[in-house]
Amino acid sequence: MVQPSEKLDSVRHHRAGFELYRAADDLPSWIAGQELTEADLPYIHQLLEKSFGDWIEQCEGFPWLSGWPIVLLHPDYTAVAAAGATSDAELPAAWHPDAAGPTAASMALESCRPALLRAEDHEHPLLRSRDTLAVPIFTRSTGFVCAAIACSAPAGAAGAGELKLLQAAALHFKSCMYRRFEHLFIEDQLYAVHLASREDQRRDRLLEIMRRLNDHIDVENVLTEVFSSLEQLYPTCRTNLFLSQDYSSINERVQPLAFHQQDMDLCWRAFMDGERREDGEGDHRRIAFPLAGKQGVYGVLRLDLSAEPFDDLDMRFVSTLTSGAGTAFEKARMHEQANVLIGELRLINELTQRLNSSLRLSDTIQFATAELMTIFHADNCFILQLDPQQNHFSVISSNVPELNREVFSIDYGFCGVMLATKEPIILSDYHSATPVRSQLLEATRSRSLIASPLLLNGEVIGAIMVTHRQPNHFSYENYKLLQILSAHIGLAVSNSSLHAEVRRMVITDNLTGLYARHYLNERIQRKQEKDASGSLIVVDIDHFKKINDTYGHQVGDAILIQVSSIIRSAIRESDIAARWGGEELAIYLPQLSLDQTLKVAERIRSRVEEETAPKVTVSCGVSEWSSADERVSVESLFYRADMALYEAKHQGRNCVTIG
């Protein structure tokens, strides 16, 4: 495998002005907002390779056809990773069109669409006996191609179903890639905290107070150290700290910086200018020192002097102390935020792994609902899915059974707001501020809300709503964390939905909408293992070849669809109808007696004769089995029904016979 010459670390340091320090409160949303750019493409080979390894570890159980080699390609056609190949002779050494000729990979990278190329269209010797499939992988917000997954299959073995399966694999890989991509920025943040700590320890090392400040990584200890040091040096001085952040301290001398209060004018000017300010004269002086770190000004330390000697040397000392205190405060806050962030990322990692461990939509959403309620200590959680054909949101999972499957218009409530804005929502109190009506909040008597849209490739596919009966329950950190989690849940839901669609396509006949023959065989075999009896109806459309010859195959297909629709409406929900082959249809009726089965067959026969246009008739063969039979098998059941159908044809058609 070709290895890139640049290290993965180059991705982090490639961007101009990397911004090692950012506001601690903005960290989760900042990480979620990071994106690959086209300038990063030359440096992401190792990122793609490691993400491919993560994906291979997590995709155990994925319904992939064994023995088909799969390769991950960089947009420059470098094969960065591969799996499933038993020898180097199964895949080309180089995938560039100049070397390999046309392949599905080159088509996917050039057209930005999934591609399938048959064996006869290949020029490369290794591919002339194999089909190739490829799916491009897009960045999550900027939308350009950052990689492609290609697969080699035996000639004639690949089709639309396999291409859908490869698309599902590509979506899963994309989630693995972005999880590793986000981890890079967390490592940088921790590295920034480490640099800040080292820099603080080097600065003003001659001052004992500064050394003690740098020993603390807790905000309260830093503030206590500042007040304690000033009290020892200036015992008659009154000291107060006014903070602009939403930080609640247990120290009574720490107060919020209220800009509207008149006595805050001095502190307000010091905060806005980032410079020391002073007023008063003689024995009554007030001096405001901005408490600043590398990222900005966090507050103002105000000294009220009364008959206290305070010369230029003291002024420089307190300025140095305040500067060090600002850096120490910032470091402690970043450390606390980093700990919270590490916990959140561990949670995101565990949640994503659990979400991707199952491709069943019901399992995915049930697990996500339970986890979200635990994470946010919520009373209720609702996951809704958007149906673009029906233009509504439906509740697909919640902890309130009576609200499951509830349907809402696309412009109703908070889901309508999120569909229009594609932005998350936080609401402190639904009773005091009701921007829109919400049936879910009113039914559960909830007052607090955090909600986030489920996005896929920038489009809304659903929504998550987490509620609590108490007002002001959710914090801004909860709001940002839900925004991150919803991105992973959205991908998991999309993967599960795509898997379910692929599964449906595999077991369903495309024309009639009935089950496929192999699925009917499997279901009958499972029923025979646990049921005591059952019956089978085989339906054949009379003179179907004549219909095709007279009216054409399109009318023949329409007749098949009509008959299939009649069969579906004439049987129970537990019965299994399938297209047996050509114009032959089959219905298995679990634990239904022969007399009842004959009534069902006769009802189907008479309705077909009355309701089809152009009018056709059907012949039906019926057979049954019970546990008392000497030989119970799918083959014997179908053999007897087929013989009965032959007898019905022999009797002149348009009748029901028993085998």
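The shown structure was predicted, so the numbers you read here are calculated from the model rather than taken from an experiment.
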**Q.** Closest non-hydrogen atom pair between A158 and L116, with its separation
**A.** CB-CD1, 3.7 Å

Q) Do the side chain of T78 and the main chain of V80 share a donor and acceptor less than 3.5 angstrom apart? A) no

Q. Quick check: are there more than 12 heavy atoms from other residues, nucleotides or ligands sitting under 6.0 Å from CZ of R526?
A. yes

Q: Could you tell me whether the side chain of F144 reaches within less than 4.5 Å of the side chain of L41, counting heavy atoms only?
A: yes

Q. Do F173 and L48 have side chains that get closer than 4.5 Å, going by heavy atoms?
A. yes

Q.
Looking at S448 and F474, would you say the former's side chain and the latter's main chain have a donor-acceptor pair under 3.5 Å?
A. no

Q | For S486 against L454, the heavy-atom pair lying closest together | A | O-CD2, 3.4 Å

Q. Between A115 and M107, what is the shortest heavy-atom contact and its length?
A. CB-CB, 3.8 Å

Q. Would you find a donor on one side and an acceptor on the other, under 3.5 Å apart, between the side chain of N399 and the backbone of T369?
A. no

Q: Check whether any side-chain heavy atom of Y519 sits under 4.5 Å from a side-chain heavy atom of E522, and report yes or no.
A: yes

(Q) Looking at I464, is its backbone amide N or carbonyl O close enough to the side chain of S452 to form a donor-acceptor pair, meaning the two atoms are under 3.5 Å apart? (A) no

Q: Return yes if some donor-acceptor pair links the side-chain N/O of R469 with the main-chain N/O of T444 below 3.5 Å, else return no.
A: yes

**Q.** Check: Y430 main-chain N/O paired with T434 side-chain donor or acceptor under 3.5 Å
**A.** yes

Q. Side chains of H45 and D76: is there a donor and an acceptor less than 3.5 Å apart?
A. yes

**Q.** D54 with R180: basic N within carboxylate O range, under 4.0 Å
**A.** yes

Q: Can you measure from SG (C146) to CG (D40) and round to the nearest 0.5 angstrom?
A: 10.5 Å

**Q.** R568 CZ to D575 CG distance, which is reported to the nearest 0.5 Å
**A.** 13.5 Å

**Q.** Heavy-atom side-chain proximity of C112 to F138 below 4.5 angstrom
**A.** yes

Q. So, S438 side chain and G413 main chain: donor-acceptor pair closer than 3.5 Å or not?
A. no

Q: Search all heavy atoms of A433 against all heavy atoms of L427 and return the closest pair with its distance.
A: O-CD1, 3.6 Å

Q. Is there side-chain contact between R113 and V135, with at least one heavy-atom pair below 4.5 Å?
A. no

Q.
For H377, is there any backbone N or O sitting under 3.5 Å from a side-chain donor or acceptor partner on H473?
A. yes

**Q.** OG1 on T142 to CG on L36, rounded to 0.5 Å
**A.** 7.0 Å

Q. Taking atom CZ of R572 as the centre, does the number of heavy atoms from other residues, nucleotides or ligands within less than 6.0 Å exceed 12?
A. yes

(Q) To the nearest 0.5 Å, what is the distance between CG on N478 and CZ on F376? (A) 5.5 Å

Q. Just by modelled atom types, is the A368 backbone N or O under 3.5 Å from a matching donor or acceptor in the E371 side chain?
A. no

Q. Hey, are the side chains of M465 and V395 touching, using non-hydrogen atoms and a 4.5 Å cut-off?
A. no

Q. Does the E330 side chain pair with the main chain of Q295, one donor and one acceptor, at a distance under 3.5 Å?
A. yes

Q.
A side-chain contact here means heavy atoms from C-beta on lying under 4.5 Å apart; do E406 and F382 qualify?
A. no

Q.
Within this structure, what is the CZ-CE distance for the pair R140 and M177, rounded to the nearest 0.5 Å?
A. 8.5 Å

Q | Atom pair CZ/CD of F52 and E57 - distance to nearest 0.5 Å | A | 11.5 Å

**Q.** Min side-chain heavy-atom separation L455-V460 under 4.5 Å
**A.** yes

